[in-house]
Amino acid sequence: AQSVTQLGSHVSVSEGALVLLRCNYSSSVPPYLFWYVQYPNQGLQLLLKYTTGATLVKGINGFEAEFKKSETSFHLTKPSAHMSDAAEYFCAVSTLTSGGSYIPTFGRGTSLIVHP
Amino acid sequence: NAGVMQNPRHLVRRRGQEARLRCSPMKGHSHVYWYRQLPEEGLKFMVYLQKENIIDESGMPKERFSAEFPKEGPSILRIQQVVRGDSAAYFCASSHPGTANSPLHFGNGTRLTVT
């Protein structure tokens with residue numbers, strides 16, 4: 001069964017610093033991977049997704065993620081953090097459920113804190 | 001902007017009452033998913049529906065919870081005889097006919113508080 005692990009429930013950076021949010025997955029088949037962002041009191045919004053092809057995926061708001069099969073990782077990065085990036089970030093992998101459907105399974109989330 | 005609409009945003013129920021959560025999918029989307037979010041636990045899948053059909057309910061508790069997506073009108077998540085442990089944020093999402101790489105579009109959630 002596929003699963004997602006996000007290392008670090010909280011990540012704190014200074015404005016202008018590199019953002020690195022970690023995600024590792026377990027999957028017995030080529031995975032479909034996603035990053036979502038959640039702002040307070042809102043639903044999740046898609047940042048980017050990996051399906052096939054280029055392993056470096058660019059998303060919205062300057063974020064990108066690299067699929068590394070050998071490391072089973074899909075870490076999210078941004079070169080320079082803005083205050084507006086403060087939010088909860090979720091990594092997800094499409095998982096085959098016991099009901100026979102592919103459903104996104106989410107990690108526990110990482111809260112990004114940006115200091116001025 | 002015809003995004004995913006959920007109502008109510010906040011719902012307070014006493015133990016033993018019923019809670020009904022509504023979700024209208026994004027225009028053009030025929031598939032609806034329900035997730036529950038608890039603090040520090042991320043989102044947990046509950047049920048996946050298309051109009052008039054439950055596709056996958058492997059994440060639904062066996063008792064008290066039910067979901068429907070009728071031919072006309074919104075999808076409904078129904079919780080009977082609520083208990084304090086049902087307090088959570090419930091999110092609905094929609095997509096085009098589901099494939100494994102279809103991203104989900106989420107509503108802003110319904111925050112259920114059971115007193």
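Residue numbering restarts at 1 for every chain, and letters A, B, ... go by the order of the sequence lines. All values below come from the heavy atoms of this structure, side chains included, with hydrogens, waters and symmetry mates left out.
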Quick one: which residues of residues 63-76 of chain B reach chain A at under 4.5 angstrom, heavy atoms only?
none
Beyond-backbone contact of [X] with [Y], side-chain heavy atoms, under 4.5 angstrom:
X	Y	answer
B:L43	B:F106	yes
A:L112	A:V13	yes
A:L21	A:V11	yes
B:V32	B:C92	yes

Options A:A92, A:G99, A:G109, A:G100, ranked by heavy-atom pairs under 4.5 Å with chain B, top entry:
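Highest number of pairs under 4.5 Å: A:G99.
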What about [X] and [Y], same hydrophobic cluster or not, with Ile/Leu/Val/Met/Phe/Trp/Tyr joined at side-chain heavy-atom distances under 4.5 Å?
X	Y	result
B:M46	B:V4	no
B:M60	B:L104	no
B:M26	B:V47	no
A:I103	A:F90	yes
A:I60	A:M83	yes

Inter-chain donor/acceptor N,O pairs below 3.5 Å: chain B to chain A:
| unit_1 | atom_1 | unit_2 | atom_2 | d |
| --- | --- | --- | --- | --- |
| B:R9 | NH2 | A:N41 | O | 2.7 |
| B:Y35 | OH | A:P104 | O | 2.7 |
| B:Q37 | OE1 | A:Q38 | NE2 | 3.3 |
| B:Q37 | NE2 | A:Q38 | OE1 | 3.1 |
| B:D56 | OD2 | A:T97 | OG1 | 2.2 |
| B:D56 | OD2 | A:S101 | OG | 3.4 |
| B:A100 | O | A:S94 | OG | 2.4 |
| B:N101 | O | A:K49 | NZ | 3.0 |
| B:L104 | N | A:Y36 | OH | 2.9 |
| B:N108 | OD1 | A:G43 | N | 3.3 |

For the pair A:L33 and A:V57, evaluate side chain to side chain contact (heavy atoms under 4.5 Å, CB included) and give the outcome as yes or no after the intermediate values.
CA-CA 10 Å; A:L33 296 158; A:V57 182; over 6 Å; no
Proximal component of A:L44, with respect to chain B [non-hydrogen, under 4.5 Å]
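A:L44 touches chain B through backbone and side-chain heavy atoms alike.
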